[in-house]
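Notes for the one structure printed next.
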Amino acid sequence: MNKPNPVWRHTLPAIAAVLTACGGGGGSATAAPAPAPAPAPAPAPAPAPSNKWTLVWSDEFDGAAGTVPKAANWNHDLGNAENNGWGNHEFQYYTADARNAQHDGAGMLVITAEKASNPGPCWNAKPCDYTSARIHTNGKVGFTYGKVEARMKLPHGQGIWPAFWTLGTDIATNPWPKSGEIDIMEFVGQTPNTVYGTLHGPGYSGAQGISKPNDLGGPVAADFHVFTIIKRPNEIIWQVDGKDFHRLTPASLPSGANWVFEKPFFVILNLAVGGDWPGAPDATTPLPAVMKVDWVRIYKED
């Protein structure tokens with residue numbers, strides 16, 4: 001807002017010295033070679049990741065039609081002007097209204113961005129033109145390591161900006177970007193075939209975030225996809241539909257930058273409209289814009 005290589009060490013065997021002694025009368029004798037010392041045993045390699053997973057939490061969005069996301073799992077972020085356009089000059093006012101985030105009764109969470117009939121104030125001191133929803137698990141559900149993924153069908157169109165992402169749980173006391181941000185998936189209308197995975201931290205945030213595009217070879221919004229990160233100590237891997245497309249470690253950061261990801265994070269789902277990156281909607285933008293979320297799941301590695 002997405003396998004460590006074991007270090008092997010080898011010890012070379014010592015080379016035995018051959019001792020030679022010279023005798024009188026022109027004769028010579030050669031001492032028997034000293035036995036070579038046994039090589040020191042190589043340290044055991046670091047265990048390879050198992051790539052086997054146990055589900056530890058999920059929301060399958062199986063609530064009754066018209067009900068809002070489960071309060072046991074999700075909080076709502078609200079407003080726009082109160083949060084300076086969410087740092088990106090966005091045009092939606094986030095609400096907790098079921099019109100903007102509700103179960104459909106068929107196992108989906110539906111997040112809807114629509115033209116606002118009674119909007120709140122936007123960052124530009126004007127009424128926001130749209131309402132939408134942004135929900136998160138802070139204080140309720142988090143993870144430090146594991147696999148985090150969601151199956152989603154995304155909306156498309158100029159100015160539409162859906163995202164599935166995470167922030168460090170210490171953000172209240174350790175403000176962004178020091179808190180760290182992992183964008184599991186972002187999608188903007190001007191690149192209809194491409195999603196992005198990005199890492200933000202101190203010295204590599206905003207436009208300087210470490211990002212990689214993933215061209216799916218066709219319109220992203222045409223079907224459901226599974227968006228994933230695998231988070232291990234000092235490593236984060238991004239996947240779409242089970243295929244890796246991005247991997248970062250502390251060595252990937254700019255010189256002198258800090259890796260701030262060895263701590264708990266929480267999950268965020270939102271559907272933004274407009275902003276510095278996607279630009280404003282135009283006459284071609286389909287509205288309402290609907291993001292469907294089949295499930296969100298968190299696994300631990302066995």
Side-chain angles (χ1 to χ4, degrees), residues 1-2 49 53-61 68-80 82-84 86-88 90 94 96 101 109 111 133-150 152 162-186 196-206 208-211 227-239 246-250 252-253 257-272 293 295-301:
M1 231 260 129
N2 90 321
W53 306 97
T54 298
L55 183 68
V56 294
W57 176 85
S58 73
D59 196 330
E60 305 296 318
F61 301 115
V68 297
K70 295 175 183 175
N73 294 339
W74 302 97
N75 308 294
H76 285 265
D77 280 329
L78 302 175
N80 183 296
E82 304 90 326
N83 294 282
N84 194 31
W86 300 101
N88 301 297
E90 298 165 21
Y94 285 133
L109 175 69
I111 296 180
R134 168 168 151 163
I135 60 174
H136 64 86
T137 66
N138 196 18
K140 297 179 177 180
V141 178
F143 69 99
T144 300
Y145 303 115
K147 180 165 70 171
V148 182
E149 60 185 9
M152 308 170 68
F164 170 41
W165 52 300
T166 76
L167 286 170
T169 59
D170 60 350
I171 190 167
T173 57
N174 192 27
W176 187 90
K178 292 180 181 179
S179 60
E181 175 180 331
I182 308 167
D183 296 330
I184 303 171
M185 179 282 302
E186 291 182 284
Y196 299 83
T198 307
L199 202 65
H200 300 271
Y204 48 101
S205 63
Q208 285 71 50
I210 305 173
S211 186
F227 303 102
T228 305
I229 57 164
I230 294 172
K231 189 170 181 285
R232 298 186 175 113
N234 295 310
E235 179 187 48
I236 302 171
I237 297 169
W238 284 254
Q239 298 178 336
H246 194 18
R247 176 180 178 271
L248 293 174
T249 71
S252 310
L253 303 186
N258 291 327
W259 177 266
V260 294
F261 303 96
E262 307 306 307
K263 61 184 180 183
F265 280 71
F266 63 91
V267 174
I268 307 165
L269 293 165
N270 74 279
L271 177 53
V293 188
W295 42 257
V296 178
R297 296 172 180 168
I298 300 176
Y299 303 80
K300 68 175 182 178
E301 191 162 21

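- Atoms CD1 and CG, on Ile237 and Leu248 in that order, are 10.0 Å from each other to the nearest 0.5 Å.
- A salt bridge is defined here as a Lys NZ or Arg NE, NH1 or NH2 lying under 4.0 Å from an Asp or Glu carboxylate O, and Lys147 with Glu301 fails to meet this definition.
- In this pair, Phe261 and Trp259 present their aromatic rings perpendicular. The plane angle is above 60°, beyond the 30 to 60° band.
- Across every non-hydrogen atom of Pro177 and Pro202, the tightest pair is O-CD, 3.5 Å.
- Under the 3.5 Å distance criterion, the side-chain polar atoms of Glu82 are matched with a main-chain donor or acceptor of Asn80.
- For the atom pair CZ of Phe266 and CD1 of Ile268, the computed distance is 4.5 Å after rounding to the nearest 0.5 Å.
- Side-chain N or O atoms of Asn88 include one that pairs as donor or acceptor with a backbone N or O of Trp86 at under 3.5 Å.
- Heavy-atom contacts from other residues, nucleotides or ligands closer than 6.0 Å to NZ of Lys140 number more than 12.
- To the nearest 0.5 angstrom, Lys231 atom NZ is 7.5 Å from Thr166 atom OG1.
- Residues Trp165 and Asn270 bring a donor and an acceptor atom of their side chains to less than 3.5 Å of each other.
- In terms of modelled atom types and a separation under 3.5 Å, the side chain of His76 and the main chain of Leu78 share no donor-acceptor contact.
- Taking CZ of Arg134 as the start and CG of Asn83 as the end, the distance is 7.5 Å to the nearest 0.5 Å.
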Candidate pair Ile171 and Lys178, rule side chain to side chain contact (heavy atoms under 4.5 Å, CB included), full reasoning: CA-CA 8 Å; Ile171 190 167; Lys178 292 180 181 179; over 6 Å; no
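- Formation of a donor-acceptor pair under 3.5 Å by the Thr137 side chain with backbone atoms of Gly142 is not found in this model.
- A side-chain donor-acceptor contact under 3.5 Å links Asp59 and Trp74.
- In this structure, Tyr145 OH and Ile236 CD1 are separated by 10.0 Å, a value rounded to the nearest 0.5 Å.
- Residues Val260 and Gly180 share a closest heavy-atom pair of CG2-CA, 3.8 Å.
- In this structure a side-chain-to-backbone donor-acceptor pair under 3.5 Å is missing from Asp170 to Asn174.
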Stepwise side chain to side chain contact (heavy atoms under 4.5 Å, CB included) test for Val148 and Val267: CA-CA 9 Å; Val148 182; Val267 174; 4.1 Å; yes
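- At a cut-off of 3.5 Å, with distance as the only test, a side-chain donor of Glu181 or Trp176 sits close to an acceptor on the other residue.
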Check against side chain to side chain contact (heavy atoms under 4.5 Å, CB included), Ile182 and Leu199: CA-CA 5 Å; Ile182 308 167; Leu199 202 65; 3.7 Å; yes
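- Atom OH of Tyr196 is separated from atom CD of Glu186 by 10.0 Å, given to the nearest 0.5 angstrom.
- Contact between Ala96 and Val68 at its shortest, heavy atoms only, is O-CG1, 4.1 Å.
- Using a 4.5 Å cut-off on side-chain heavy atoms (C-beta onward), Phe61 and Val293 make contact.
- Put simply, the side chain of Phe265 does not reach to within 4.5 Å of the side chain of Thr144, judged on heavy atoms.
- Here the closest non-hydrogen pair linking Gly206 and His200 is N-ND1, 3.1 Å.
- Contact detail for Phe164 and Leu269: the closest heavy-atom pair is CD1-CD2, 3.6 Å.
- Under the 3.5 Å distance criterion, the side-chain polar atoms of Lys263 are matched with a main-chain donor or acceptor of Ser179.
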Worked check of side chain to side chain contact (heavy atoms under 4.5 Å, CB included) between Leu253 and Tyr204: CA-CA 8 Å; Leu253 303 186; Tyr204 48 101; 3.6 Å; yes
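- Centroid-to-centroid, the aromatic rings of Trp238 and Phe227 stay 6.0 Å apart or farther.
- A distance-only check finds a donor-acceptor pair linking the side chain of Ser252 to the backbone of Thr249 [under 3.5 Å].
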